[in-house]
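So you know, we letter chains A, B, ... as the sequences are listed, proteins then strands, and number each from 1.
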There are 2 protein chains.
Amino acid sequence: MADRKPRKDAARNRASLLAAAEELFASRARPEDVTMSDVAAAAGVGKGTLFRAFGDRTGLIRALYAARLEPVEEAVTTGPPPLGPDTPPLERVPAVLDALLCLKIDNRHLALALEATGSDSPYDADHYDRWHALLRGALEQVPGFGGGDGSGDFAAHALLAAVRADLVEHLVGVRGVERERLRSQLADFTARVLGQRSEA
Amino acid sequence: MADRKPRKDAARNRASLLAAAEELFASRARPEDVTMSDVAAAAGVGKGTLFRAFGDRTGLIRALYAARLEPVEEAVTTGPPPLGPDTPPLERVPAVLDALLCLKIDNRHLALALEATGSDSPYDADHYDRWHALLRGALEQVPGFGGGDGSGDFAAHALLAAVRADLVEHLVGVRGVERERLRSQLADFTARVLGQRSEA
DNA sequence: TACGATGCGGACCGGCGGTCCGGTTAACGT
DNA sequence: ACGTTAACCGGACCGCCGGTCCGCATCGTA
C-alpha cells in the first residue's frame with residue numbers, strides 16, 4: 001500500500017470517468033461499441049487520463065463492476081442469514097445463487113461488458129474463484145456431495161454457469177423473461193440439484 | 001439454392017484455408033491471436049481469397065465447427081438410441097449432454113474460437129436453439145418438468161450452460177481434469193437434475 | 001510567489017478485420 | 001487447339017480501436 005494520496009483533480013476525473021462509463025454502457029446496446037475514446041470524451045477528459053486512471057479497458061470495467069459486487073460479497077462473507085456464513089447449506093446455496101442472479105439482472109450491461117473483454121475468460125477473474133469456493137464448500141456439507149469425487153466441485157461450476165451474464169441477458173433482455181419468473185425458475189432448478197424434488 | 005458450381009481452384013483454396021485454420025487454431029493457445037492474415041498466409045493464398053470464401057471471421061469459424069458438429073446433430077436427429085429420437089427422455093438427456101461435452105472437449109479450440117467471436121453471443125447461434133429445443137422437449141416429458149411454468153425451458157438452458165466451451169476449457173485445459181472424470185461428473189450432475197439421486 | 005511533482009490531453013502508433021480492383025486463370029463453345 | 005469471358009486471386013489499402021508518449025498545465029507546498 002505505497003499509494004500516495006492522489007491529487008484532487010485526479011480524483012474528480014476518476015469519478016467523472018466512472019460516471020460516464022456507467023452511463024455509456026447502460027445506454028449503448030452492445031458493450032463493445034463503447035470505445036475508450038467515447039468514455040474519455042463523455043467524461044470531458046483526454047484518453048491519457050482514462051488510461052492513467054484505470055490501466056486498460058478491463059481495469060475500467062472491473063472498477064465499475066467491483067462497486068456493484070462489493071455489497072453482495074460483504075453480505076455473503078460477513079452478513080446475517082440467508083447469505084452469511086451462519087446459514088445452513090441447503091438454505092445458503094439457493095440464497096447465494098439468487099443474489100448473484102439479481103446482481104447480474106440489475107447490472108446486465110456491466111457483467112456483459114466484463115465477460116466480453118475478450119482477452120480473458122470469466123474463469124480467470126479472481127472473484128469467480130471466490131464464488132466457486134464458497135459454493136463448493138457449502139455443497140460439500142450436503143449429503144450426496146460430500147465424497148472426494150469432485151461432484152460438489154463440478155456442481156458449483158454448473159450452478160454458476162446457470163447465472164452467467166450472457167445467459168441472463170438472453171433470457172431477460174432478448175426473450176423478455178420477467179425478473180421474478182426467472183428467479184423462481186432458478187430457485188426451482190437449484191432445489192432439484194440439491195435433491196429437493198418439487199412436485200408440479 | 002442458385003449456387004453456381006465453384007471453380008476448381010476456388011474449391012481447392014477453400015480446402016487449404018480450412019486445413020490451415022484448423023491447424024492454427026489447434027496450435028496457438030488463444031483463438032484471438034490467430035489473425036485472418038495468418039490463416040491466409042498459412043494456406044498460401046491472399047486475404048481477399050479468404051474473405052471471399054467465408055465472408056468474415058465468424059463465417060470461417062462456423063464452417064470449421066459445422067464440420068465437427070454435423071455428425072453429432074445427425075446422430076441425434078436420425079440415429080439409433082441412446083442419442084436418436086427413439087430414446088426415452090431419462091436416457092436421452094444425459095446422452096445428448098455427454099455427446100455435447102465430448103464434442104467440446106475434442107474441439108476445445110474451435111468451440112472457444114466460436115464463442116470468442118465477440119460480435120455475437122453463443123445464444124444467437126442457430127444451433128443453440130436446436131439443442132435447447134431438443135433438450136427442452138425431452139425434459140418436458142419427465143415428471144416434474146411438465147408444467148407450463150417453464151422449468152423445463154430453464155433447465156435446458158442451465159444444463160447447456162454446464163457444457164459451455166470456456167468452462168470445459170477451464171476444467172480440462174487449465175485445471176487438468178481428465179476427460180472421463182469430467183464426463184462422469186456431468187452425468188452425476190445431470191442425474192441429480194433429473195431427480196435420480198445417487199448415493200455416494 | 002516560486003518551484004518541484006503530479007497529472008493532463010490529444011497526436012500518434014501498431015495491428016486488426018475487412019475492402020477493392022488490376023491482373024490472372026479456369027471453363028467452355030467453336 | 002484456341003479465343004472469349006466471367007470468375008477468381010492477391011496484397012496494397014482503409015478505418016478503427018486499444019494503448020502509448022511527452023510537452024505543457026495544474027496542484028500542493030514552503
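When the C1' atom of C/dT24 is taken as reference, atom CG of B/Asn13 falls 13 Å away, rounded to whole Å. Distance CG (B/Leu17) to P (D/dC9): 9 Å, rounded to an integer number of Å. Across the protein-nucleic acid pair, A/Glu32 atom CD and C/dG17 atom C1' stand 14 Å apart, rounded to whole Å. Atoms CZ (A/Arg12) and P (D/dT26) sit 11 Å apart, rounded to a whole Å. Between B/Asp9 atom CG and C/dT25 atom P there is a gap of 10 Å when expressed in whole angstrom units. Rounded to a whole Å, the CG atom of B/Asp33 is 13 Å from the P atom of C/dG15.
In this structure, the nucleotide among D/dG28, D/dC9, C/dG9 sitting nearest to the side chain of A/Arg7 is D/dG28.
Side-chain atoms of B/Leu114 and B/Leu110, non-hydrogen and from C-beta on, never get closer than 4.5 Å to each other. Looking at A/Leu69 and A/Trp131, their side chains come closer than 4.5 Å, going by heavy atoms from C-beta outward. In this structure, the side chains of B/Leu171 and A/Phe154 come closer than 4.5 Å at one or more pairs of heavy atoms.
Contact check on A/Arg181 versus B/Asp153 returns no salt bridge, with no Lys/Arg side-chain nitrogen under 4.0 Å from an Asp/Glu carboxylate oxygen. Contact check on B/Asp106 versus B/Arg68 returns no salt bridge, with no Lys/Arg side-chain nitrogen under 4.0 Å from an Asp/Glu carboxylate oxygen. With respect to the salt-bridge test (charged N to carboxylate O, under 4.0 angstrom), the residues A/Glu32 and A/Arg57 do not qualify.
Across all strands, A/Thr35 comes closer than 4.0 Å only to sugar-phosphate atoms, never to a base (heavy-atom distances).
Relative to the ring axis of B/Phe145, A/Arg192 places its NZ or CZ within 45° and under 6.0 Å from the centre.
Taking for each of B/Ala10 and A/Lys47 the nucleotide of DNA chain D with the nearest heavy atom, the 5'-most of the two is the partner of B/Ala10. Both B/Gly48 and B/Lys8 lie near DNA chain C, and the one whose nearest nucleotide falls closer to the 5' end is B/Gly48.
Near DNA chain D, defined here as any heavy-atom distance below 4.0 Å, the residues from residues 50-64 of chain A are A/Phe51, A/Asp56, A/Arg57, listed numerically.
Between A/Thr49 and the phosphate of C/dG7, there is no side-chain N or O to OP1/OP2 separation shorter than 4.0 Å.
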